[in-house]
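This report concerns only the one structure given below.
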Amino acid sequence: MDAKKTLVMGVIGADVHAVGNQILNYAFREAGFNVINLGVMVSQEEYIEAAIESAADAILVSSLYGHGELDCQGFRDKCDEAGLKGILLYVGGNIVVGKQPFEEVEKRFKAMGFDRVFGPGTTPEEGIAALKKDLYGA
Amino acid sequence: MDAKKTLVMGVIGADVHAVGNQILNYAFREAGFNVINLGVMVSQEEYIEAAIESAADAILVSSLYGHGELDCQGFRDKCDEAGLKGILLYVGGNIVVGKQPFEEVEKRFKAMGFDRVFGPGTTPEEGIAALKKDLYGA
Amino acid sequence: MQLQNKKWTEEAFLAERQNVLASWPTGKGVDLDEAIEYQRGIAPEKRFQSKLDNAVKREVTLIQPRAGVPLIEAHIELLRYLENEGEADLLPTTIDAYTRLNRYEDAEHGIKESMASGKAMLNGFPAVNHGVEGCRMVTSSVASPVQVRHGTPDARLLAEITLAGGFTSFEGGGISYNIPYAKNVPMEHTLLTWQYVDRLTGYYEEKGISINREPFGPLTGTLVPPCVSNSIAIIEALVAAEQGVRSVTVGYGQCGNLVQDVAAIRALEQQTKEYLDRFGYKDCNVSTVLHQWMGGFPQDEAKAFAVICWGSAAAALAKATKVIVKTPHEAMGVPTKEANAAGLRATKQIISMLADQKMVEDTVLAAEIDIIKRETRCILEKTLELGNGDIAVGTVRAFEAGVIDVPFAPSRINAGKIMPARDDQGAVRFLDTGMLPFTEDIKAFHREKIAERAKNEGREVSFQMSIDDIYAISKSCLVGRPKK
Amino acid sequence: MQLQNKKWTEEAFLAERQNVLASWPTGKGVDLDEAIEYQRGIAPEKRFQSKLDNAVKREVTLIQPRAGVPLIEAHIELLRYLENEGEADLLPTTIDAYTRLNRYEDAEHGIKESMASGKAMLNGFPAVNHGVEGCRMVTSSVASPVQVRHGTPDARLLAEITLAGGFTSFEGGGISYNIPYAKNVPMEHTLLTWQYVDRLTGYYEEKGISINREPFGPLTGTLVPPCVSNSIAIIEALVAAEQGVRSVTVGYGQCGNLVQDVAAIRALEQQTKEYLDRFGYKDCNVSTVLHQWMGGFPQDEAKAFAVICWGSAAAALAKATKVIVKTPHEAMGVPTKEANAAGLRATKQIISMLADQKMVEDTVLAAEIDIIKRETRCILEKTLELGNGDIAVGTVRAFEAGVIDVPFAPSRINAGKIMPARDDQGAVRFLDTGMLPFTEDIKAFHREKIAERAKNEGREVSFQMSIDDIYAISKSCLVGRPKK
Ligand code: B12
Ligand code: B12
């Protein structure tokens with residue numbers, strides 16, 4: 001593996017679900033990543049600022065409370081505008097309102113510019129495996 | 001109300017479900033009927049014999065174990081042949097295999113010549129009310 | 001043959017075998033020596049006895065569904081589904097109602113009709129008709145041990161074929177597969193046919209093949225007081241052990257009051273061992289099974305899940321070795337495989353969440369265990385007395401005398417003099433103890449319990465209470481209270 | 001205003017009201033005298049307080065869902081469905097996430113979008129925007145009492161509008177709607193805003209209108225040890241009572257070990273009364289609520305039903321006054337009304353079947369009640385000490401000092417030094433007691449409990465245990481055991 005990669009992570013919008021965030025933070029560190037964890041209630045701007053400041057390799061957005069689809073709109077464009085063109089963008093959690101077929105949800109979020117979309121019940125290991133693949137090609 | 005009406009009842013075929021039968025027996029007696037209860041594992045012939053012997057006003061068939069549709073086939077014809085033309089014929093219980101829409105089941109059993117069809121969870125009171133209507137017009 | 005509780009001689013057994021195997025063509029397919037070698041090839045993790053013994057040791061509760069369809073392929077598919085999607089630990093093969101009555105011609109017709117129509121025309125798997133090879137296809141196609149579950153007064157041929165067919169457990173007994181499942185079969189007859197089944201099992205055991213036997217605990221499934229079902233389970237265990245059975249799972253159908261249910265399982269386990277010991281069957285392995293509520297279910301599936309879960313909780317807290325699982329379709333009809341698996345998964349969740357929890361024998365639980373044991377002892381000792389020390393002979397006389405009596409049974413040889421009803425906490429007590437040989441203090445205990453309820457409900461003690469209790473769970477309650 | 005635990009003068013309260021009502025146009029719609037007369041017209045059976053008091057007296061457990069959609073008609077339809085098809089005894093109105101943050105503009109936008117699209121674009125009912133009349137349409141359209149449920153640090157305007165709108169209970173408190181629901185709101189601030197809510201409630205009470213108040217028991221819903229949530233509930237009860245509240249429902253989120261859950265509810269009830277008495281609030285009515293498991297749920301609906309049922313059983317056996325119900329969709333997203341009603345019906349079935357059963361305080365349960373009470377006393381006494389006898393002031397300092405500490409909270413004003421983990425029976429204990437002011441024997445108790453588990457699992461005591469426990473229930477277990 002190459003040098004330590006840097007991740008910016010947090011829970012977007014007015015969302016206060018903190019448990020998954022704290023566990024992911026711990027798991028990503030344990031897995032050898034450099035993690036900037038912004039905690040809960042993070043705005044798009046805060047992610048982007050932190051990513052620029054830390055020269056991050058990826059932004060990991062969590063949304064649990066149901067407003068994820070609203071909160072994530074335009075995120076990729078904002079990244080592009082801020083000079084983060086092509087930065088790896090993940091989103092995960094209970095990202096829509098209600099129980100919906102995951103395939104459709106995934107499609108919508110991919111169309112919004114997210115590289116990977118993770119549904120309810122995703123384990124930290126799955127996230128780590130994807131990051132290793134996308135960041136180290138492993 | 002007129003004179004005591006006579007009912008022949010029992011559980012048809014190879015069926016041993018005895019609980020509902022015992023309760024219906026008790027309830028019909030309490031409601032003032034003259035009841036000939038044949039118990040469980042009753043053949044079509046046994047119902048008919050008992051009905052002729054007692055000059056019954058109605059035959060009440062129970063089936064719980066799932067083979068009701070097979071066991072009831074040709075019952076009305078047998079009644080007709082035995083000289084019980086027009087005798088009131090009820091069937092009730094879990095009369096088919098599996099969970100099926102009641103409307104369809106009812107249609108099939110009515111086509112088989114049953115005057116009334118009662119689904120799972122029928123209370124004795126419902127049976128009694130129907131009998132009073134059909135036998136006393138009340 | 002004259003009934004007595006004595007191990008059949010090998011000659012008597014082998015002579016009888018010829019008649020049994022001749023009763024239907026597939027009987028010819030059974031070669032006992034070959035069958036024993038076949039069974040010897042079945043790995044321990046696919047055997048009931050070893051999986052149960054292991055569960056007893058680890059104090060965990062295994063889960064098992066009921067399921068059976070007429071055709072072999074469909075049945076294999078069903079069992080695999082329940083194992084994979086239902087997370088079942090133990091598998092069943094429920095036998096159809098014709099086979100239970102030895103009506104193999106009708107079963108054959110049902111198989112043909114099912115093939116022709118592509119629909120299940122029998123309510124179970126006709127194992128006799130499918131023969132040894134058909135059974136082996138089933139038992140060898142799944143990863144878990146498979147048991148025969150039925151309700152057959154004369155199950156001799158069924159046992160011959162299924163044990164040769166690789167099943168490693170066989171449910172039933174001379175009492176428990178007669179009284180709830182037959183109208184007019186003499187008790188001597190079923191005790192003899194089941195001695196045959198036990199002797200066959202014992203024969204395998206002698207050759208080093210342990211086959212599990214399971215008396216059917218719930219009987220009529222409807223307000224059966226624990227002492228009644230426990231007494232019958234213990235008798236069937238004793239009779240089986242005499243014929244050489246060494247792995248017995250005694251069963252109980254959940255009544256619904258947690259303390260009583262846990263007490264019933266504990267009392268059952270303790271007294272089964274006590275009686276087996278007393279009669280010298282010291283090397284018999286005992287495990288227990290709790291059946292989730294066996295009476296009328298609510299029609300609503302969410303409510304049915306609740307009944308299922310409450311049964312699971314009772315099993316887990318009692319540390320029953322296994323639990324037999326109902327489905328959300330129970331009140332409606334034979335379940336789809338999806339409904340069956342859903343019942344299993346709900347059960348698994350409860351069992352796992354409660355795996356490390358246990359009810360401690362504090363005063364209340366201890367008192368309940370005590371009363372069940374005392375009642376059971378009254379019944380068993382009187383039965384032994386009636387048989388002059390022979391429990392099999394005593395059983396025949398006990399039924400004649402109403403000393404053993406099962407509520408709401410279809411059988412005419414059952415006295416039908418007792419009447420159960422719930423007390424104010426929902427435990428099943430006696431409204432009428434009939435001819436049960438109880439001591440005066442036990443009778444008084446029940447009178448007081450029922451009177452207490454009647455008082456709280458502001459009504460007289462009457463049969464209406466029992467009726468209300470029969471409907472209660474399907475109407476969301478445990479105790480059938482009068483309408484306000 | 002300077003924070004202290006002292007009833008606000010009427011002048012101070014009325015002065016503050018002007019600012020509150022001016023913060024959004026619908027505030028003008030509140031006329032306190034008219035509102036009191038309106039509330040006086042609400043029949044007792046539609047009032048939380050009387051329905052709860054009655055349930056306390058009869059020792060029954062009422063059931064209540066969570067539910068809220070943005071538009072008035074749809075919300076009424078939803079509540080009626082839950083009342084009729086779900087058999088709910090008490091109704092909720094869950095408030096959307098924008099309103100919780102006083103972002104009424106965003107809520108307005110959400111209402112418009114919902115109208116335009118015909119879909120729910122907010123995750124709850126924006127009661128402030130709908131105003132007094134909108135609320136009255138809701139509360140007058142259903143047969144059951146309706147409560148406001150939210151998670152709002154500053155709920156002053158929400159309280160004004162909803163109480164005038166005919167709601168008869170209001171959830172939340174200065175601690176319980178701050179620490180789990182906010183990132184950076186000072187404790188002084190929320191204690192003050194919630195004193196306002198309590199003072200408003202007390203004002204109604206003075207006029208003879210009893211409004212029920214309910215501290216939010218489960219906090220972060222994730223392995224919260226009973227002493228932590230009980231301490232917070234008791235503080236919020238004391239603070240509310242000082243402002244004149246006379247009907248308090250203290251709450252607790254199920255942990256999963258039956259003995260601990262029953263003990264927690266009993267301890268909570270007893271100590272709330274004890275502390276209220278001690279500080280002279282002798283006429284305050286106390287009831288209890290158990291929340292079905294508030295942490296991560298299994299995705300499978302059958303398994304989710306099992307979690308729901310186990311929570312219902314705990315509530316029933318603890319004789320909690322009410323139980324807040326989850327749905328089979330919990331792990332996936334906001335439930336459909338059908339899923340919500342299914343959770344309610346399963347709950348009702350369990351509650352009814354267990355209505356007449358109760359856990360007796362035998363030795364094991366008594367010991368668990370005792371440990372919870374001793375822990376809670378440590379926290380409360382230290383908090384009082386820090387505030388020189390003033391519980392409100394003490395609370396601010398207790399959070400600074402980590403004397404009160406909530407696990408996994410998003411709030412930065414929470415110390416976050418404690419770490420919970422389950423013991424070998426699944427009870428929630430402390431892996432790390434942080435700065436909690438426990439006596440040495442209590443600390444030793446927890447060390448031993450965790451060590452016992454570690455030993456049985458053959459691993460070192462570590463944070464990994466807590467992580468495994470967080471996932472355990474969603475993976476079917478209670479204790480997160482290491483993989484074999
Ligand atoms: C208790 C029970 C048993 C007991 C019966 C004991 C006994 N001998 O009585 C035991 C355990 C022995 C048993 C065995 C079997 N059972 Co069973 N049993 C039940 C159960 C749980 C309750 C039945 C009951 O007593 N209900 C209470 C009484 C009061 O209600 P009831 O019987 O429904 O009768 C009332 C109404 O139906 C109505 N009614 C009935 N007949 C009539 C007629 C008229 C004219 C009217 C007006 C009304 C009416 O009024 C009655 C009084 O209110 C039901 C499922 C359920 N309902 O929850 C399954 C059920 C009936 N059994 C079933 C089956 C398949 C069997 C078995 C074949 C297989 C097995 N599981 O082992 C064997 C059958 C053996 C045989 N040859 O018959 C199936 C039937 C499937 C189907 N129809 O699709 C059911 C539905 C369970 C299921 N979902 O699989 N069973
Ligand atoms: C605990 C909980 C709460 C607690 C949160 C405490 C806290 N501050 O943390 C409390 C009670 C306060 C709460 C409040 C609310 N909640 Co809540 N809550 C839950 C619950 C039960 C568990 C969440 C949890 O901690 N899970 C455990 C952790 C470990 O898992 P996780 O959060 O899912 O995170 C994992 C994965 O999702 C994944 N993941 C997450 N993000 C990402 C990102 C990437 C890149 C990757 C790879 C993976 C990944 O990895 C994480 C670790 O494994 C869920 C339902 C559930 N899951 O069972 C509802 C749930 C999330 N809540 C919900 C809602 C609606 C709310 C409220 C709006 C309303 C309410 N019920 O009061 C408020 C929200 C307030 C707000 N402004 O945010 C809904 C969301 C609905 C939807 N999406 O359709 C849910 C799904 C419940 C439901 N079915 O209604 N909640």
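Only this structure's heavy atoms are used, side chains among them; waters, hydrogens and symmetry mates stay out. Throughout, protein chains are lettered first and strands after them, A, B, ... in sequence-line order, and every chain is numbered starting at 1.
- By number of non-hydrogen pairs under 4.5 angstrom with chain D, the leading residue of Gly343(C), Ser352(C), Ala341(C) is Ser352(C).
- Looking only at side-chain heavy atoms (C-beta outward), Lys326(D) and Thr347(D) stay at 4.5 Å or farther from each other.
- Side-chain N/O atoms of Lys303(D) and Ser476(D) include a donor and acceptor closer than 3.5 Å.
- No part of Leu344(C) comes within reach of chain D, as not one of its non-hydrogen atoms sits under 4.5 angstrom from that chain.
- For chain C, the option among Val307(D), Val364(D), Leu258(D), Asn257(D) with the highest count of heavy-atom pairs below 4.5 Å is Asn257(D).
- Interface residue Leu317(D): only side-chain heavy atoms are found under 4.5 Å from chain C.
- Looking only at distances, no side-chain donor or acceptor of Lys322(C) sits under 3.5 Å from a matching main-chain atom of Val60(C).
- We find the CG-CD distance between Leu365(C) and Gln260(C) to be 11.5 Å, quoted to the nearest 0.5 Å.
- Contacts between Ala342(D) and chain C at a heavy-atom distance below 4.5 Å involve backbone atoms as well as side-chain atoms.
- For Arg453(C), no part lies under 4.5 angstrom from a heavy atom of chain D.
- Heavy-atom distances place the side chain of Val360(D), and not its backbone, under 4.5 Å from chain C.
- Side-chain polar atoms of Asp362(C) and Thr363(D) form a donor-acceptor pair below 3.5 angstrom.
- Ring orientation note: the planes of His446(C) and Phe430(C) are nearly perpendicular, at an angle over 60° on the 30°/60° scale.
- Of the residues considered (Ala472(D), Cys309(D), Ala427(D), Ala313(D)), Cys309(D) shows the highest number of contacts with chain C, using heavy-atom pairs under 4.5 Å.
- Contact of Asp424(C) with chain D is made through the backbone alone, with heavy-atom distances under 4.5 Å.
- If you measure heavy-atom distances from Pro328(C) to chain D, you find no contacts under 4.5 Å at all.
- Across Leu354(C), Ile351(C), Ile308(C), the residue that shares the most heavy-atom pairs under 4.5 angstrom with chain D is Leu354(C).
- Remark: the backbone N or O of Ser144(D) is paired with a side-chain donor or acceptor of Glu83(D) at under 3.5 angstrom.
- A distance of 12.5 Å separates CG in Leu90(C) from CG in Leu82(C), rounded to the nearest 0.5 Å.
- With Asp423(C) contributing its side chain and Lys449(C) its backbone, the two residues share no donor-acceptor pair below 3.5 Å.
- In this structure, chain C has no heavy atom under 4.5 Å from any part of Glu301(D).
- Both the backbone and the side chain of Ile473(D) come within contact range of chain C, each with at least one heavy atom under 4.5 Å from a heavy atom of that chain.
- Among Lys358(C), Met353(C), Glu87(C), Lys348(C), the residue making the largest number of heavy-atom pairs under 4.5 Å with chain D is Met353(C).
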